[in-house]
2 protein chains.
Amino acid sequence: MTSISEEISSVIDIRRNRLRSNLILELYQSGQTSINKMARLFHASIPSATGIVNDLMKEGWVTETGTGPARAGRPPVLYGLNAQKYFTLIMDINRHDTQLVVFDLANQLIVKKQVDLKLEDSEDFLDALIGETDGFLKAQGIKREKLWGIGMSMPGLINVKKGVNQTYPHLTRSDMSLAARLEGYFGLPIALINDTHATTIGEHRFGLAKGKKHVLTVNIDWGVGLGILLKGEVYNGATGFAGELGHIQVQPDGLLCHCGKIGCLDTITSGFALIRQAREGIRAGRMTILPQLLKEGEPLETHHIIKAAHNGDEFSIDLLSRLGMELGKGIATAVHLFNPEIVIVTGVLAEAGPYISNPVEQAIHKYCLSDFKNSLSIRISELGSKARLWGVQAHLIEDLVVKEFS
Amino acid sequence: MTSISEEISSVIDIRRNRLRSNLILELYQSGQTSINKMARLFHASIPSATGIVNDLMKEGWVTETGTGPARAGRPPVLYGLNAQKYFTLIMDINRHDTQLVVFDLANQLIVKKQVDLKLEDSEDFLDALIGETDGFLKAQGIKREKLWGIGMSMPGLINVKKGVNQTYPHLTRSDMSLAARLEGYFGLPIALINDTHATTIGEHRFGLAKGKKHVLTVNIDWGVGLGILLKGEVYNGATGFAGELGHIQVQPDGLLCHCGKIGCLDTITSGFALIRQAREGIRAGRMTILPQLLKEGEPLETHHIIKAAHNGDEFSIDLLSRLGMELGKGIATAVHLFNPEIVIVTGVLAEAGPYISNPVEQAIHKYCLSDFKNSLSIRISELGSKARLWGVQAHLIEDLVVKEFS
DNA sequence: CTCATTTATTAAAATAAATTAATAAAGAGT
DNA sequence: ACTCTTTATTAATTTATTTTAATAAATGAG
């Protein structure tokens, strides 16, 4: 026995814990696997894998989930995570609203609530969020003990190490970081992640990017975000800001961006820019059905323009097409630098479907060297916002597993 | 004993080989380490690490290299690679000439020969290269048996898996890839790598980027190349083309690039472009000492312009400064996408020192969000072309170790 | 010179894990 | 129903490796 002071875990413990966490993660990611497969995958013997799986079953982490297919002979028993061992709480926050979701460990949605909380840079926001969440959990009768941790996605430059969103500094009060405050209040581990990064993980684990190693996700919402996945892992950059496609300069004599620079991509291809362009066009007397779509006093939003386009409104189609071209040019730049296998377009503007994706694809063909194009596919997300929610979940769980079995 | 047909290596062999290759790589990269450190590093016990080191010593891979410092008590014995176990042959090829270099495993230069072979896209080139190399090895009395492998760096889009340079397709004859031909002729493993990628590895292992995790290397030569190192590893992209900064469009109404696109960065900021700009200026009658620097009939080259700038020639300084600004703008784009810790400028134009680096830095300040700048440093390489040579060497050895101890 | 301190070496003991083998179980095909 | 094939289970055996401990070696400090 080692004394408490010299709590240096032994080599054997380290290796055993590594195997345990590998197994848990594999079970989470694959859904279910046989012992044979796991043993081969992690270079362990079958008895030894069996032993660990049995331990994990005793501890309630793992259950038998059925049997697999067999060409001949006895079919393998499949094991999976005990989906009810813990639940997770996901807070998905954006500028329009906030979703509170509870998942089980099989990514099954348990309960969900859409809350009318728009992200803004104030101390009050976090208080309101905590209040809403508390109410939600109480109403649903979900005890803190049944929660494994909290995952939180939001737009902005997120410094993961510090647990801070630098785009919304006022969410951090005095000396307590955003993550620390939530962690303190709920007594649960928090995983903070940028919304586009989360989407990328979701698409990689469960969507169009499954099995791919090099993936870009373009998220067109209020601004333009780029999610990057390289060698099968999310890439964050040195300080977590990688992928700021929205603030590369594309027009030297363009408009002033909210970031203070001139002619950023954001000033042309964001949801914000689209509305501005539409308003300008309407004011200039362009023919369009857009004004008719608005109720008395209702402000113009992106979904109106998308709807108009789907109704054949030439003006709206034109706006989306121009936006797509410019966006495609920006994506072409990213493609030259990252050389990905797949680019996935997501976000509110992805609802515009081919009105966006066609010009994007066209621009990529125009601006990319053929060497890049040949190995590249451009797709509109099929998972939609589910990618982001599942992405946060995957990120959270991967984080928790490392913590739990360190 | 397992029969030959069922050569499935056991779990124990796999683990042991992994530890062996880890140790060898660690010894190569660190130069020398103590057994204690290695055991801790790779989660093995001291006796077990000792055993493997002793085996490796018997096999001639490892030698004692001295003793390390000790605050108190017996100083640790340090072990290192046996530098003479094998030598490596490095072929460093570019459009001006070719260098043949033999290193030992401690990266010490054994012999070096500069060969007057300019890279060109023809079958003859490879024959000439093989001939020169043969002669070089014979003249130096270096037997094939003493060589562990051959590392080869050259510009162009290199498909590592296929062993082909797609920019110079004629180096590949009929059905034999470039790498396969060399491998066949010399009977040695070949590691092919893009020159800028090699430079990046060199700077990371032995230069300014040592210890950094996220590094960009900008190589300004005939064209603009970008070397990318993320999470401590070189990043190649899905098909090995990542980092084609030179062919992102920066001028919608610019010049036609040799790649067929319009207004690529290459058309403004490459060595080729610099000479074109200088010629145009001279023809337009700009005041400059450039013509005086040229001997009768000598063609203008980049080093003339750099020399003129160092002599205070305003025209040349102006040219370099404009080029630096444009290059900096391009780098700013890459910085937004990769969020690196350090950007290292290398290549022939790096010789221009502050005439290039100052405007580059200025442009980055102008075009980068402050979040990126705060954690970023821009440096001119201190290793120069040594970075590339050592980079190829490191790449080759890392490759060989994996092959040798699989 | 002696002591304290640290690394090295070696061997013995203990443990963990792999390997092996034998048997059982669960289907699929004939 | 029987064979074939594969997985599962279990136990015995063997091997590898860790752990422990005791001793030796190397150095600096007092």
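- Across the protein-nucleic acid pair, B/Leu78 atom CG and C/dA8 atom P stand 9 Å apart, rounded to whole Å.
- A salt bridge between B/Glu26 and B/Lys37 is absent, with no side-chain N of the basic residue lying under 4.0 Å from a carboxylate O of the acidic one.
- Here side chain to side chain donor-acceptor pair (under 3.5 Å) pairs that include residues 72-86 of chain A, with residues two or more places apart or in two chains, are A/Gln84-A/Asp104.
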Taking only N/O atoms, report every protein-nucleotides 27-30 of chain D pair under 3.5 Å with atom names and distance.
none

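- If you check the side chains of B/Ser381 and B/Glu203, you find a donor sitting under 3.5 Å from an acceptor.
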Result block: side-chain N/O donor-acceptor pairs under 3.5 angstrom for residues 47-63 of chain A, not counting sequence neighbours:
from: A/Thr50; atom 1: OG1; to: A/Ile46; atom 2: O; distance (Å): 2.6
from: A/Asn54; atom 1: ND2; to: A/Thr50; atom 2: O; distance (Å): 3.3
from: A/Asp55; atom 1: OD2; to: A/Arg16; atom 2: NH2; distance (Å): 2.5
from: A/Glu59; atom 1: OE1; to: A/Arg20; atom 2: NH2; distance (Å): 2.8
from: A/Glu59; atom 1: OE2; to: A/Arg20; atom 2: NH1; distance (Å): 3.2
from: A/Glu59; atom 1: OE2; to: A/Arg20; atom 2: NH2; distance (Å): 3.4

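- Remark: P of C/dA18 and CZ of A/Arg40 are 15 Å apart, rounded to the nearest angstrom.
- If you take CG of A/Asp13 and C1' of C/dA16, they are 11 Å apart, rounded to a whole angstrom.
- Pairs passing the ring pair (Phe, Tyr, Trp, His ring centres under 6.0 Å) check and including a residue from residues 14-60 of chain A, sequence neighbours excluded, do not occur.
- Residues satisfying the ring-ring contact (aromatic ring centres under 6.0 Å, His included) criterion with A/His214, sequence neighbours excluded, are B/Tyr235.
- In this structure, B/Thr65 contributes its side chain and B/Leu78 its backbone to a donor-acceptor pair below 3.5 Å.
- Here D/dT10 presents its C1' atom at 12 Å from CG of A/Asn54, a figure rounded to the nearest Å.
- Distance CG (B/Asn36) to P (D/dT19): 14 Å, rounded to an integer number of Å.
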Sort me out a list of protein N/O and nucleotides 11-18 of chain D N/O pairs below 3.5 Å, or just none if empty.
from: D/dT18; atom 1: OP1; to: B/Ser45; atom 2: N; distance (Å): 3.3
from: D/dT18; atom 1: OP2; to: B/Ser45; atom 2: OG; distance (Å): 2.3
from: D/dT18; atom 1: OP2; to: B/Ser48; atom 2: OG; distance (Å): 3.0
from: D/dT18; atom 1: O5'; to: B/Ser45; atom 2: OG; distance (Å): 3.3

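- Salt bridge A/Arg205/A/Glu398: present, at least one basic N to carboxylate O contact under 4.0 Å.
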